[in-house]
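Read the structure below first, then the notes.
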Amino acid sequence: MSAALEIVSAGLGVSVQDAGRPGHRSIGVPLSGALDPLLLAAANHLAGSLAGAAGLEVLLAGPTLRATGGPVCVALAGELAGRIVGVGGDVRRLAAWSAAVLQPGDSLQLGRPQGVAYLAVAGGFLTPPMLGSRATYARAGLGGVDGRALAAGVRLPCAPFAGDPQHALQAAPLLHPGGAIRVIPGPQADHFTPAALASFYSEPWTLTPARDRMGLRLAGPRLVHVPGGADIVSDGVTPGAIQVPADGQPIVLLADCQTVGGYPKIATVIRADLPRLAHLPPGAEIRFVAVDATHAAEARAAQARLLAGWRTTLRPAVRHGDIPTETLLAANLAGAALRGDEEG
Amino acid sequence: MSPPAAGFPRLLALGDAAFTVEFGGGIAPEIHARVLGFAAALADCAIPGVIERVPTFRSVTVHFDPDLIDPPRLAADLLALAQAGHEAAASGRRWVLPVCFDDALAPDLPDVAAHCGLAREAVIERLTATEFSVYMLGFLPGFAYLGGLPAALEMPRLATPRTRVPAGSLAIAGRMAAIYPWDSPGGWRLVGRTGVGLFDAGNATRPALLAAGDRVRFRAVASLAEAAEITETVPELP
């Protein structure tokens with residue numbers, strides 16, 4: 001019998017995600033996948049899985065999950081911690097950036113994340129792939145469990161963990177660099193006045209509460225289009241593209257964005273910096289800086305080195321009770337550096 | 001073959017992992033023929049690192065893995081291929097899709113008729129007499145933008161979009177028609193309903209019924225129950 005994590009309570013903004021569903025954008029199927037692929041890769045590494053294995057993305061409030069059918073090795077990446085309640089009522093803490101084993105009947109209660117966070121299991125969730133991916137795209141019922149929002153009672157199948165039941169790992173937080181969000185200008189930068197282009201790169205932009213996995217709206221000075229420039233014949237878009245509709249307020253497209261769009265795109269966030277946006281709370285301020293393709297390649301290489309360096313921080317975890325709680329809490333709060341972007 | 005529009009083809013960067021190759025500034029059959037010709041020629045090249053091609057009205061967006069391919073080199077190759085001026089042969093499939101125009105399934109048909117100064121039946125006649133071309137898919141999985149709506153039926157989209165358009169709705173806006181594959185919000189005018197499924201994720205080889213380059217006609221049927229039978233006609237040789 002296969003093991004599973006059964007949803008006891010669904011949390012908020014929780015979905016099965018993997019590396020996404022490329023290859024079907026010509027028929028209107030969005031890319032989808034983790035908003036922060038780096039952290040999903042980190043969670044998977046802690047769980048002993050491949051980087052793109054399917055995990056749970058947690059945006060607002062973590063779920064409560066119960067292991068059934070066999071032991072399950074779970075791992076957390078991002079600023080999200082929880083506690084494990086054993087069958088016998090014993091309680092132990094699952095710190096952020098750690099892995100542990102749930103025995104059948106154990107439940108894992110996850111708290112609220114700061115930014116986006118991931119839960120991975122050894123071997124990845126084995127929900128049925130659709131069009132080559134397990135990523136959830138609820139609008140078209142793709143991925144996850146029947147393409148629907150997760151609800152109590154839903155089982156997320158996974159491989160039973162065959163290793164040491166006492167297996168536990170701990171890693172350092174993986175921190176994205178701060179600084180301005182790097183973009184490649186265009187493809188429709190020429191649809192904006194020189195003053196609008198100057199404002200875009202010189203003024204701070206505030207993240208608004210209007211956000212989901214398709215995109216996030218920014219607030220700032222009104223970006224004025226050249227006459228007739230507010231609409232384009234719809235063309236291809238991609239996560240990171242910054243659309244500016246007639247109201248002059250930018251929308252940064254994210255993983256679940258449509259495949260085509262009819263608003264001019266003033267610039268496009270480079271791949272290495274897009275995950276940072278998903279961690280910023282409403283009200284945070286960002287700035288944009290223009291870079292070229294060479295710089296974008298260096299940024300991707302730096303990100304790969306960041307992940308490789310982080311992997312060297314994995315250590316066997318000291319068993320609960322051996323470390324003062326304050327030490328664990330301090331480690332969790334180190335993630336506040338994720339919000340270093342606020343200063344631009 | 002007509003000469004390309006001045007200043008085209010041209011290549012635009014869409015971030016660090018995609019280029020958009022443009023073949024013209026507007027929506028026109030001759031521009032779209034270049035779009036489909038380029039997309040087909042690029043598919044034949046099978047360049048390692050190119051992930052997928054998204055043909056649209058006047059451009060093709062090429063998504064690639066920048067860690068597997070040198071972007072400036074790819075840009076040069078794409079532009080050279082675009083300048084070679086491939087045009088699509090008429091290779092798409094031809095579909096006849098059944099549509100029920102019952103009042104209950106065509107809530108905007110009276111408004112369209114009034115706006116266009118036509119009788120309700122005359123609107124249906126024009127819709128069913130037209131061969132539409134699939135320009136592109138987007139907005140939702142399987143949502144096809146159908147060009148060729150007669151000018152006599154041109155009407156702007158709703159000022160306030162509906163929060164829920166039922167799946168299967170045949171809709172028009174501007175000079176386009178489309179069928180909503182899913183229940184979704186939408187601002188196009190609803191003039192009929194089909195029972196044909198436009199997207200099937202379980203069909204791994206061809207999840208979307210329609211593809212860019214296909215031709216579509218509509219056939220009026222008396223009830224939604226009859227509106228699920230597709231006819232694919234044999235493509236004519238070019």
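Order of the sequence lines sets the chain letters (A, B, ...), proteins ahead of strands, with each chain counted from 1. Quantities reported herein were computed from a predicted structural model and do not represent experimental measurements.
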Among residues 171-201 of chain B, which residues come closer than 4.5 Å to chain A, judged by heavy atom distances?
B/Trp182, B/Phe199, B/Ala201
Just so I understand: if I count every heavy-atom pair under 4.5 Å between each of [options] and chain B, which residue has the most?
options                                : answer
A/Thr294, A/Ile232, A/Thr259, A/Asp235 : A/Asp235
A/Ile184, A/Leu142, A/Val291           : A/Ile184
A/Gly23, A/Ala296, A/Ala293, A/Gly240  : A/Gly23

Go through B/Val62, B/Leu210, B/Val54, B/Thr20 and name the one with the most non-hydrogen pairs under 4.5 angstrom from chain A.
B/Val54
Atom OG of A/Ser26 and atom CE of B/Met136: how far apart are they, to the nearest 0.5 Å?
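So the OG of A/Ser26 and the CE of B/Met136 are separated by 12.0 Å.
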Quick one: pull up CG in B/Leu14 and NZ in A/Lys265 and give me the separation to the nearest 0.5 Å.
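Taking CG in B/Leu14 and NZ in A/Lys265, the distance rounds to 6.5 Å.
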Looking only at atom types and distance, does a side-chain atom of B/Glu52 sit under 3.5 Å from a main-chain N or O of A/Arg25, one as donor and one as acceptor?
yes
Please confirm whether the backbone N or O of A/Arg271 pairs with a side-chain atom of B/Asp16, one donor and one acceptor, at under 3.5 Å?
yes
Region of [X] that comes under 4.5 Å of a non-hydrogen atom in chain B:
X        : value
A/Pro30  : side chain
A/Val183 : neither
A/Asp190 : side chain

Residues in side-chain contact (heavy atoms from CB on, under 4.5 Å) contact with [X], at least two apart in sequence or another chain:
X        : value
B/Ala41  : B/Leu81, B/His86
B/Ile31  : B/Phe23, B/Ala28, B/Arg58
A/Asp146 : A/Arg148

Test A/Pro187 against every option in B/Thr61, B/Leu11, B/Leu12 by the side-chain contact (heavy atoms from CB on, under 4.5 Å) rule and name the one that passes.
B/Leu12
